Amino acid sequence: MSSRPANAPNASEDSDVDPRRSPPVTANLGQACYFCLAEGSPQNPLSRCGCLHVWYCNAECQKAQLSLHRKFCSAYKAVEKNYGREILRPFAFVAKDPVSYIVTNGEDLDECLDHVTTFITSKLEEELGRPLRSAERNIVGWEPRCLACGLSEMIFRIMAQSRNEGPPYPKLKPCPDCALSFYCSDEHWAAVKHIHQNRPCRDGYAGISQCQLNKFCSLDAKFSQVMKPGSNVGEFCWVPRRILPAWSSLRDLTWSDYQSDLAQAFSSYSSYGHPFLNALVRAASETLSMPMTILWALEIMNLGDISWTQKDVLNIHVLGAAGLELLHIEVFEEILHRVPLVQTLKLTFIGPALLTLTGEHPIMNEMEICSQCTRTGRKVIFDSYATTYHNYINDQGSQFERPDLAVAFNSVCGLADIESWTRSYHALWLRGIPSIFTAYNFEEAELESVLFKGAGIQLISEFGPRPNPWGSQLSKIEPSAMALFFSVNRWISGGFRGRRT
């Protein structure tokens with residue numbers, strides 16, 4: 001896919017979107033007001049902007065958002081008017097058999113939608129004279145479309161106008177269960193209903209369908225507003241304060257193991273009930289997936305040898321670090337809390353993207369940790385290097401310290417900077433460094449696995465490609481696609497111990 005929903009815009013992204021936050025998927029799919037995020041209902045239906053891409057709950061919200069939305073709205077209308085034929089062209093194949101594509105040719109339809117989204121994005125940027133901001137990209141990518149044929153209400157309008165037909169134009173109806181997927185006719189709904197509501201979604205977990213994942217996405221959007229109004233889904237960060245008495249294998253544990261700790265830590269929210277507790281678990285898994293993936297990988301890498309759990313210093317290298325790791329660095333304390341004999345956790349974050357956060361010169365820092373760990377002399381130290389991993393190794397020279405594990409979270413190494421990443425994982429392999437790579441979804445994991453094998457790297461079979469048992473359960477709807485999701489560290493692309501071991 002060409003893009004994913006972005007995080008909240010930076011303060012420098014001032015203008016056509018509310019700088020406080022990037023609205024959640026529910027607002028982009030017409031189930032909540034784009035300004036105040038209040039949900040619509042049969043009694044209080046949402047009104048829609050003439051561009052067909054933004055919804056409001058009342059005139060006050062529309063007026064409040066108008067100054068922010070006006071330029072983008074005008075640009076979208078201009079693109080629709082001036083490039084309608086080009087927007088329609090990729091859909092030519094749909095008319096041949098419109099109800100079959102999600103069933104037999106879903107990838108073809110996704111490719112078509114990705115092409116259209118990329119084209120519209122480029123033309124919008126030409127109209128506006130600047131790159132689209134995060135919230136604007138989300139509007140384009142999350143445009144409601146029929147599950148069977150991929151057509152949106154804007155496309156229906158363009159089609160009708162190309163035939164010199166006026167309104168009314170066909171309208172999409174939301175799934176009556178999740179309200180985040182759509183259909184344009186009863187015929188198309190009959191073709192996709194069972195798949196949508198009952199077939200396990202490949203990018204989900206525990207056999208959950210697209211419909212159920214959509215419902216979780218809605219609940220998670222509500223959760224983020226309860227916990228931190230104005231925030232984006234995925235900004236919640238929590239670390240258990242308990243310290244386990246001894247290391248315990250993760251093989252028989254799941255995210256449900258955190259329910260009791262979360263229920264205790266957020267007991268003031270108990271009146272919200274079990275769905276809220278489940279949302280807490282999903283939200284917590286977003287950042288906790290980093291330390292838990294590290295611990296799970298170390299357990300598998302060491303083949304039953306638990307000596308790594310008794311080291312004075314546990315040394316972890318994080319490759320391709322891009323900000324999330326440093327912004328939520330406190331979650332790595334969970335490693336100390338689960339491995340109580342380790343005295344010092346040393347984290348080294350390495351990645352070119354860190355230049356904007358840390359500058360060129362690394363500084364060793366000590367993280368503030370819980371009082372219980374502090375009293376016993378334990379600590380977490382970390383430094384960062386704004387460079388590639390193979391350059392980091394060369395720069396360190398004889399001072400290079402072989403880590404206990406190198407991990408690349410959501411590296412996208414099969415889609416971007418392929419040559420540079422190839423040099424880095426070759427360096428890992430040749431130096432015998434235990435390593436693991438994660439991915440957002442199955443497609444990326446499979447592609448990266450093929451690249452590893454093509455480079456002559458011998459992968460450990462238990463590392464897949466496969467779903468990560470400690471991947472985030474906070475699923476997000478993939479833009480420019482009909483039935484795809486992605487999650488932080490959701491898949492394992494591959495893992496290896498290195499040639500020298």
Side-chain angles (χ1 to χ4, degrees), residues 202-203 250-251 289-305 307-308 314-322 325 347-353 385 387-397 400-471 486-501:
R202 186 183 64 184
D203 294 316
L250 300 180
R251 289 183 180 272
S289 67
M290 293 188 289
M292 294 305 292
T293 297
I294 288 172
L295 290 169
W296 176 75
L298 283 167
E299 180 177 7
I300 294 176
M301 289 284 186
N302 286 280
L303 299 173
D305 178 4
S307 59
W308 64 273
L314 189 63
N315 187 7
I316 307 297
H317 287 181
V318 181
L319 285 60
E325 299 89 348
L347 302 167
T348 305
F349 300 100
I350 305 150
Y385 295 82
T387 186
T388 60
Y389 194 69
H390 53 276
N391 284 336
Y392 167 76
I393 292 176
N394 291 334
D395 293 343
Q396 291 290 298
F400 176 77
E401 184 178 356
R402 185 174 178 269
D404 296 290
L405 180 74
V407 57
F409 296 121
N410 312 300
S411 70
V412 201
C413 66
L415 298 174
D417 302 319
I418 296 176
E419 182 180 352
S420 178
W421 270 111
T422 301
R423 294 177 63 187
S424 288
Y425 54 69
H426 260 296
L428 291 165
W429 170 255
L430 293 174
R431 286 180 173 265
I433 298 173
S435 306
I436 186 171
F437 286 68
T438 74
Y440 286 109
N441 59 30
F442 167 77
E443 290 179 346
E444 291 176 13
E446 188 176 51
L447 176 59
E448 291 168 17
S449 177
V450 169
L451 291 175
F452 297 149
K453 293 174 182 176
I457 292 176
Q458 298 175 16
L459 299 177
I460 300 171
S461 59
E462 197 163 354
F463 288 125
R466 57 163 289 178
N468 180 4
W470 296 101
F486 70 96
S487 306
V488 170
N489 304 319
R490 184 69 194 93
W491 282 77
I492 301 294
S493 304
F496 50 87
R497 295 188 182 89
R499 194 175 67 174
R500 291 175 50 195
T501 57

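Model, not experiment: these values are computed from the prediction. Note that these values count all heavy atoms, side chains included, but never hydrogens, waters or copies made by symmetry.
- The 12-atom threshold is not exceeded at CD of Gln458, counting heavy atoms of other residues, nucleotides or ligands nearer than 6.0 Å.
- Legend: residues meeting salt bridge (charged side-chain N to carboxylate O under 4.0 Å, His left out) with Glu401, ordered by chain and number and at least two apart, are Lys346.
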Show which side-chain atoms of residues 407-422 pair as donor or acceptor with protein atoms under 3.5 Å away, not counting sequence neighbours.
from: Asn410; atom 1: OD1; to: Asn489; atom 2: N; distance (Å): 2.8
from: Asn410; atom 1: ND2; to: Asn489; atom 2: OD1; distance (Å): 3.2
from: Ser411; atom 1: OG; to: Cys413; atom 2: N; distance (Å): 3.2
from: Thr422; atom 1: OG1; to: Ile418; atom 2: O; distance (Å): 2.7
from: Thr422; atom 1: OG1; to: Tyr425; atom 2: OH; distance (Å): 3.3

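- Atom CG of Leu447 and atom CZ of Phe442 lie 10.5 Å apart (nearest 0.5 Å).
- Remark: side-chain polar atoms of Arg497 are paired, donor with acceptor, to backbone N or O of Met301 under 3.5 angstrom.
- Aromatic rings from Trp296 and Phe463 are positioned such that their centres are separated by under 6.0 Å.
- Looking at Tyr385 and Asn391, their side chains never come closer than 4.5 Å, going by heavy atoms from C-beta outward.
- Separation of atoms OG (Ser449) and CZ (Arg466) is listed at 13.0 Å; rounding is to 0.5 Å.
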### Message
Could you go through Trp470 and Ile492, starting from their C-alpha distance and side-chain angles, then the distance that decides it, and tell me whether this counts as side chain to side chain contact (heavy atoms under 4.5 Å, CB included)?
### Response
CA-CA 10 Å; Trp470 296 101; Ile492 301 294; over 6 Å; no
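- For the residue pair Gly471 and Ser289, the shortest heavy atom distance occurs at C-CB, 4.1 Å.
- Among residues two or more places apart in sequence or in another chain, the salt bridge (charged side-chain N to carboxylate O under 4.0 Å, His left out) test is passed with Arg202 by Glu443.
- For the pair Ala427 and Ile393, the tightest heavy-atom approach, listed with the atom from each and the gap, is CB-CD1, 3.8 Å.
- A pairwise comparison of heavy atoms in His390 and Ser424 identifies ND1-OG, 2.8 Å as the closest pair.
- Taking 4.5 Å as the limit, every side-chain heavy atom of Phe437 sits out of range of all side-chain heavy atoms of Leu451.
- If you check the side chains of Asn468 and Thr293, you find a donor sitting under 3.5 Å from an acceptor.
- A pairwise comparison of heavy atoms in Arg402 and Pro434 identifies NH2-CD, 3.6 Å as the closest pair.
- Within the 4.5 Å cutoff, the side chain of His317 has heavy atoms near those of the Tyr392 side chain.
- When side chains are defined from C-beta on, Trp491 counts as touching Asp203, because their heavy atoms get closer than 4.5 Å.
- A donor-acceptor pair under 3.5 Å is formed between the side chain of Ser435 and the backbone N or O of Ile433.
- In terms of modelled atom types and a separation under 3.5 Å, the side chain of Glu299 and the main chain of Leu250 share a donor-acceptor contact.
- The environment of Arg423 atom CZ is sparse: at most 12 non-hydrogen atoms of other residues, nucleotides or ligands sit within 6.0 angstrom.
- Counting heavy atoms from C-beta on, the side chains of Met290 and Val488 never come closer than 4.5 Å.
- The shortest side-chain heavy-atom distance between Leu319 and Leu428 falls under the 4.5 Å cut-off.
- Heavy-atom minimum distance, Thr438 versus Glu448: O-OE1, 3.9 Å.
- Not a single donor-acceptor pair under 3.5 Å links the side chain of Asp404 to the backbone N or O of Ile316.
- Between Ala439 and Ser493, the shortest heavy-atom distance links the atoms CB-OG, 3.5 Å.
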